[in-house]
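Below: one structure, written as structure tokens.
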Amino acid sequence: MNSHFPALIIVVPLLSAFVIVMAGWLNKKYCFPLAAAALGSSLVSAVAMLSRVMDSGPFTYHLGGWAPPWGIEYRVDHLNALVLVVVAAVAFINLIATRAIVRADFPEKTGSFYGLYSLFATGLLGVVVTGDAFNLFVLLEITALTGYALIGIGKQHAPLASLNYIFMGTIGASFYLLGVGYLYLATGTLNMADLALHLSKISGSTVVLAAFLICLTGLYMKMALFPLHAWLPNAYACAPSAAAGIIAPLTTKVMVYVLIRITLFVFTPAFTYAHLPLNQAMIWLASLAIVMGSILALSQKSLKKILVYIIVAEVGYMVGGLWIGNRISISGSILHIVNDAAMTLCVFLAAAGLQFKLKGDSFIALRGSFRKMPYTMAALVVGGLSIIGVPPTCGFFSKWYLISGALTAGTYQFVVALLLNSLVNVVLFFRIFEIGYFEPFPGQDSHRGQKAQAINEAPLSMVAMLLLVSAGLIALGLFSSDMVTRIILPSIPAGIL
Amino acid sequence: MKTFGIIAVVLCGALLIYGTVDFPEWGDPASPASTYVSPYYIEHSIPDTSVPNIVTAILADYRGYDTMFETAVVFAAGIACIFLLRIEKRDSPRSRLYRHIPTGVTIRIEQGGRLPEGSRDLERIDSVWVPYDLIIKTGCRLVIPFIQLFALYVIAHGHHSPGGGFQGGVIFGAAIILYALAYDLRTAQTHLPIRTSVLLSSTGVLIYAGTGALCLLLGANFLNYSALAGLLGVDPVTARSHGILIVEIGVALAVMAVMVGLYYIISSAGRLDEGL
Amino acid sequence: MDPVIAFIIAKYNYWMYIILMMIGLCGMIIKKNLIKKIIGMNIFQTAIILFYISIAAKKNATIPIIAHAHGDGHAAVNAAGIINPLPHVLMLTAIVVAVATLGVALALAIKIYRQYHTLEEDEIISQIRE
């Protein structure tokens with residue numbers, strides 16, 4: 001069993017998804033334990049693979065027993081293993097935290113919800129661990145399809161938001177497929193390691209450049225880099241809270257992982273960084289994304305909308321860090337994948353708890369929430385401080401690496417954008433904290449004196465997970481230099497300064 | 001906005017066409033795609049898997065992992081449509097239409113009232129009911145068994161001719177949809193209710209993933225069918241051929257059930273009371 | 001003139017599929033009716049499928065099914081006489097994915113119609129703004 005972890009991490013949630021759907025028709029009580037067991041086992045497999053990679057280096061797994069390039073192979077190295085742990089952990093924590101919310105929102109459709117949730121987690125895990133370009137597309141489509149369904153069931157104008165997401169997501173995935181088609185036409189293989197070998201021999205051809213640009217465009221559409229971000233705010237804000245907790249932290253980060261995998265491991269760094277106008281344009285685009293995300297967030301009036309525009313800005317961090325091109329900035333980008341997933345999970349879970357108990361998340365509904373839900377708001381405070389970038393939370397350290405890398409490379413527009421974004425985040429979050437703390441809860445008469453408000457806290461499973469994630473944010477911050485030296489720096493390929 | 005869209009599309013097309021400058025010629029036998037990986041498949045398909053249809057061999061054996069996820073995509077689409085659209089009849093009752101057979105008078109009952117089933121003079125009709133459908137009904141009753149038989153042939157003969165699980169499953173599903181079109185949705189549901197179709201699709205994908213997991217339990221890598229040689233009592237090459245057949249059956253089951261389920265849900269907008 | 005004609009004959013199939021792709025993309029961006037956008041999406045995906053299939057063609061080659069495989073003993077198979085089967089396999093997967101996406105898109109369109117009683121995007125947006 002020890003060497004089969006790469007297969008087990010996918011197979012167990014996949015099989016459990018089908019069993020959950022069947023069990024959902026029989027008895028709803030079995031769905032949650034099955035899903036929790038499956039995602040828990042994925043988390044264990046991911047941690048086991050990470051420790052194996054840290055001990056003995058990257059390893060491969062041949063599916064169907066066929067060696068590449070004739071079969072599909074899974075290649076687990078430091079980058080893979082780290083992102084796998086992140087994805088599995090976020091999926092597991094979100095599942096446990098939103099148990100009461102799912103029971104309240106989807107009383108009859110629990111089986112389908114958990115089945116789709118498990119398939120979504122399977123798709124994400126598969127995207128991260130695969131080493132074959134076409135297999136990536138199929139897994140991307142599983143993730144996308146289940147995501148469309150999970151978002152489309154929400155309230156308000158969720159179906160329209162999900163349909164717009166379908167259009168833009170399909171264009172993105174189809175462009176990626178077209179790019180892989182151009183690469184196949186030029187080389188004849190689909191395996192990523194093999195492609196890297198062949199592409200380095202024909203790197204002057206226009207086919208390779210066209211494939212590069214097409215793949216980039218497709219991936220940018222799927223990760224909602226400004227100006228291709230139009231689908232993200234509506235889709236994530238209208239999604240049901242239980243689904244938003246897994247979709248929002250993970251989808252864009254996994255797409256950034258795919259971008260790093262394609263630019264650094266398939267099109268080798270020698271090719272990616274050889275086109276100077278392109279790199280400069282990408283850095284400007286990333287800076288613009290950060291600035292626009294911040295500006296658009298300032299004009300929003302509800303907590304969830306602010307958080308989704310913060311996600312748009314965070315994507316700019318990671319893309320800019322990648323294109324700056326030195327080891328420090330790429331380490332910052334990879335570290336930010338980990339940190340941003342954790343931070344976004346924390347704030348989205350807090351927002352879910354607030355929405356569950358206060359029946360709304362506009363500024364009016366959030367008044368006095370510090371008194372009513374102290375633990376949830378404490379987690380929101382920690383998450384907010386991390387997004388702002390206050391030490392010792394993890395957000396500070398990834399920003400530190402990104403700024404150092406940008407200063408080394410001389411791309412000052414990126415530094416300015418990062419600092420501006422921190423300032424805007426300060427304004428955004430402190431506005432929320434002020435509303436939650438100082439403004440009186442509506443309905444409390446002043447002549448009744450200091451009547452203590454009853455603490456109407458979110459369910460225990462959610463509060464426990466929130467405290468776990470908040471502690472995790474601080475722990476990630478304290479261990480970030482360890483992580484960088486032992487896991488992230490070995491994962492960056494040679495040939496980058 | 002419209003002109004901006006057209007300009008973007010034209011620019012995109014021009015860049016894509018510019019990228020084709022270095023493409024190999026159409027049909028060139030010396031292009032990289034035709035000389036690198038695919039000759040291995042063509043030459044070794046019979047020695048490795050004893051399946052003459054090379055496309056089936058690649059689909060279900062060499063790249064069988066992709067096909068498993070493709071089946072999971074089909075399953076996810078079926079579950080997603082049920083998840084999004086399904087409405088219980090008791091939540092939003094619609095009016096029912098009944099027709100008095102001797103006189104041809106149509107009665108409409110609002111708000112979910114109903115008449116007792118099985119009365120001789122009154123039959124329930126759809127809102128798109130047409131008279132004189134005897135030819136359609138009889139014709140379809142004659143043709144449907146042969147369509148289903150052909151579907152089973154396509155599944156089973158996928159090793160030797162174009163065909164396989166997806167194609168056969170869709171044909172089988174089309175036969176059931178034809179039945180639902182000729183008669184009506186409620187009659188089709190007495191033969192294949194939506195709950196059964198969900199169970200069948202889960203079973204189909206479980207057959208596929210389960211075969212792979214069985215290979216894992218027997219010690220080989222995931223989806224390595226030669227591990228089934230001991231279980232089936234044949235040599236590893238024939239075990240691969242049998243493994244391909246088993247997963248194709250799983251795929252056909254899943255695809256058939258999902259096609260039928262999708263038709264039920266989408267044509268009745270989730271209510272499952274009347275279709276097209 | 002001859003080299004230009006030879007160039008066009010060698011590449012015109014790819015151009016046809018790219019033009020088809022752009023027609024589909026145009027439909028998705030420009031049209032305001034949701035069903036027309038869904039149809040545009042389907043055209044776009046189908047054009048990419050055709051593009052892949054055209055990679056598989058080979059001059060003077062036959063279909064990838066080895067005739068008389070189990071009867072007359074293992075005659076040597078000539079790889080240059082059989083078309084490339086790999087893109088066909090990949091596109092079987094892509095077609096199924098396209099159909100699944102179409103199903104979910106139609107289900108969402110029904111849900112939208114139930115909510116807003118129209119399928120024109122501008123009318124829906126004006127209804128949301130109220």
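Chain A is the first sequence line, chain B the second, and so forth, proteins listed ahead of strands; every chain is numbered from 1. Because the structure is a prediction, the values reported are computed rather than measured.
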Distance, nearest 0.5 Å, that separates NZ of B:Lys2 from NZ of C:Lys31: 6.5 Å
Minimal non-hydrogen separation, B:Gly13 against C:Ile18, with atom names: O-CG2, 4.0 Å
Over 12 non-hydrogen atoms of neighbours within 6.0 angstrom of CZ in B:Phe150: no
Non-hydrogen atoms of C:Lys58 and B:Ser34 that approach each other most closely: CE-CB, 3.6 Å
Check against side chain to side chain contact (heavy atoms under 4.5 Å, CB included), B:Ile87 and C:Arg114: CA-CA 12 Å; B:Ile87 296 184; C:Arg114 227 186 246 161; 3.3 Å; yes
Toward chain C, the part of B:Thr67 with a non-hydrogen atom under 4.5 Å: neither
Max heavy-atom pair count under 4.5 Å with chain C, selected residue of B:Ala8, B:Ala77, B:Gly27: B:Gly27
Engaged part of B:Pro24 at the chain C interface, taking heavy atoms whose separation is under 4.5 Å: backbone
Shortest non-hydrogen contact between C:His88 and B:Val55, atoms and distance: CB-CG2, 4.5 Å
Max heavy-atom pair count under 4.5 Å with chain B, selected residue of C:Val97, C:Ile83, C:Ile19, C:Val96: C:Val96
Residue part contacting chain C, namely of B:Ala80, when any heavy atom lies under 4.5 Å: side chain
Stepwise side chain to side chain contact (heavy atoms under 4.5 Å, CB included) test for B:Ile58 and C:Leu86: CA-CA 7 Å; B:Ile58 303 179; C:Leu86 187 57; 4.0 Å; yes
Greatest number of heavy atom pairs closer than 4.5 Å to chain B - which of C:Ile55, C:Leu92, C:Leu25: C:Leu92
Side chain to side chain, C:Pro85 and B:Ile42, heavy atoms closer than 4.5 Å: yes
B:Tyr40 atom OH, neighbour heavy-atom count above 12 within 6.0 Å: yes
Region of C:Tyr12 in contact with chain B, defined by heavy-atom distances below 4.5 Å: side chain
Parallel, tilted or perpendicular: rings of B:Phe23 and C:Phe51 (30°, 60°): tilted
Greatest number of heavy atom pairs closer than 4.5 Å to chain C - which of B:Val73, B:Ile17, B:Leu262, B:Ile265: B:Ile17
Option that, when pairs with chain C are counted at under 4.5 Å, heavy atom only, ranks first among B:Glu70, B:Gln167, B:Arg63, B:Glu25: B:Glu70
Side chain, backbone, both or neither of C:Ile82 within contact of chain B (heavy atoms, under 4.5 Å): both
Other residues, nucleotides, ligands: >12 heavy atoms within 6.0 Å of C:Asn60 CG: no
Smallest separation among heavy atoms of B:Ile46 and C:Ile66, with atom names: CG1-CD1, 3.7 Å
When C:Ile30, C:Leu108, C:Thr93, C:Ile29 are compared by non-hydrogen pairs under 4.5 Å with chain B, the top option: C:Thr93
Donor-acceptor under 3.5 Å (B:Asp66 side chain, C:Leu90 main chain): no
Minimum heavy-atom distance between C:Tyr14 and B:Thr20, given as atom pair plus value: CB-CG2, 4.3 Å
Between CD1 on residue C:Ile63 and OG on residue B:Ser161, distance to nearest 0.5 Å: 9.0 Å
Interchain contact, C:Lys59 with chain B, by part (heavy-atom threshold 4.5 Å): both
Test item: C:Val99 and B:Met259 side chains (from C-beta on) under 4.5 Å apart, heavy atoms: yes
Worked check of side chain to side chain contact (heavy atoms under 4.5 Å, CB included) between C:Lys111 and B:Leu85: CA-CA 7 Å; C:Lys111 236 178 140 84; B:Leu85 280 181; 4.1 Å; yes
Heavy-atom closest pair, residues B:Leu84 and C:Ala107: CD1-CB, 4.4 Å
